[in-house]
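Quick one: the structure is below, questions incoming.
The first residue of the sequence shown is numbered 1, and numbering continues consecutively from there.
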Amino acid sequence: DMDIYQNTYFLFTSDHGYHLGQYDVPCSKQQPYEETIRIPMYFKGPKVAKNVTKYDIVGNIDILPTFLSLAGIKYDDNTYDGKSWEEGGLLSNGDMADNWRTVYLS
């Protein structure tokens, strides 16, 4: 009997779509509004803290380094723009690492 949840990670996220006339701006998504900068992301797995909500700044560029790190695959940090959430302390109940980003410009 193999328990799939012991070694599988699940990531669910979304795209924020386009503004369709809200705030009297044309169809766009490069605006400084909550609907544009806050995108839901749910992450579950063996090393992910349960019942914890984090508000640290992450982006889709962090997904590949995170999964490489969780899989134990070594990679050069300079190869990818993103950072592993594991290395940033974002998967634990503790505080984020001191070297984690505090701003995100896309």
Side-chain angles (χ1 to χ4, degrees):
D1 186 318
M2 194 167 120
D3 189 2
I4 193 170
Y5 298 106
Q6 296 299 321
N7 63 5
T8 304
Y9 289 88
F10 298 89
L11 174 68
F12 174 79
T13 189
S14 179
D15 184 274
H16 47 65
Y18 287 98
H19 290 291
L20 299 175
Q22 297 93 329
Y23 308 107
D24 292 325
V25 296
C27 183
S28 173
K29 61 167 115 180
Q30 296 83 10
Q31 304 295 329
Y33 299 110
E34 289 295 313
E35 300 89 348
T36 302
I37 63 172
R38 305 241 184 254
I39 301 167
M41 183 178 289
Y42 301 96
F43 196 47
K44 180 179 172 106
K47 292 185 179 179
V48 180
K50 295 180 181 177
N51 302 316
V52 173
T53 301
K54 297 274 188 158
Y55 295 96
D56 301 308
I57 300 171
V58 300
N60 59 357
I61 62 171
D62 301 322
I63 294 172
L64 178 62
T66 298
F67 275 93
L68 289 174
S69 175
L70 290 170
I73 299 172
K74 302 285 185 205
Y75 63 94
D76 180 4
D77 291 342
N78 297 318
T79 302
Y80 305 107
D81 292 330
K83 296 180 176 184
S84 168
W85 300 330
E86 187 175 37
E87 154 190 329
L90 303 178
L91 303 183
S92 68
N93 280 329
D95 294 331
M96 74 177 175
D98 290 335
N99 65 344
W100 197 256
R101 70 177 66 96
T102 55
V103 296
Y104 190 94
L105 183 62
S106 61

(request) Please round to the nearest 0.5 Å and tell me the distance separating atom NZ of K74 and atom CG of D76. (result) 12.5 Å
(request) Look at the rings of F43 and Y9 and say which category their plane angle falls in: under 30° parallel, 30 to 60° tilted, over 60° perpendicular. (result) parallel
(request) Mind listing the closest non-hydrogen atom pair of I4 and N7 along with its distance? (result) O-OD1, 3.2 Å
(request) Tell me, with the steps shown, if D62 and R101 meet side-chain contact (heavy atoms from CB on, under 4.5 Å). (result) CA-CA 11 Å; D62 301 322; R101 70 177 66 96; 2.7 Å; yes
(request) Could you give me the CA-CA distance, side-chain angles and deciding distance for T66 and L90, then say whether side-chain contact (heavy atoms from CB on, under 4.5 Å) is met? (result) CA-CA 10 Å; T66 298; L90 303 178; over 6 Å; no
(message) Given 3.5 Å as the limit, does a donor-acceptor pair link the side chain of W100 with the main chain of V58, or not?
(response) no
(message) If I take atom CG from residue N60 and atom CE from residue M41, how far apart are they, to the nearest 0.5 angstrom?
(response) 7.0 Å
(message) Out of the candidates E86, K47, K83, only one should pair with S69 under the side chain to side chain contact (heavy atoms under 4.5 Å, CB included) rule; please name it.
(response) E86
(request) Step through the shown structure and confirm whether more than 12 heavy atoms of other residues, nucleotides or ligands are within 6.0 Å of OH on Y42. (result) no
(request) For L68, check side chain to side chain contact (heavy atoms under 4.5 Å, CB included) against everything at least two apart and list the hits. (result) L64, I73, Y75, Y80
(message) A side-chain contact here means heavy atoms from C-beta on lying under 4.5 Å apart; do I63 and L11 qualify?
(response) yes
(request) Look at atom CG of N51 and say whether more than 12 heavy atoms of other residues, nucleotides or ligands are closer to it than 6.0 Å. (result) no
(request) Please identify each residue that fulfils salt bridge (charged side-chain N to carboxylate O under 4.0 Å, His left out) with K44, with sequence neighbours left out. (result) none
(request) Kindly compute the distance separating CG (D77) from OG (S84), expressed to the nearest 0.5 Å. (result) 9.0 Å
(message) Treating S14 as the side-chain partner and P40 as the backbone partner, does any N or O pair qualify as donor plus acceptor under 3.5 Å?
(response) no
(message) List the residues meeting ring-ring contact (aromatic ring centres under 6.0 Å, His included) with Y55, not counting sequence neighbours, and say none if there are none.
(response) none
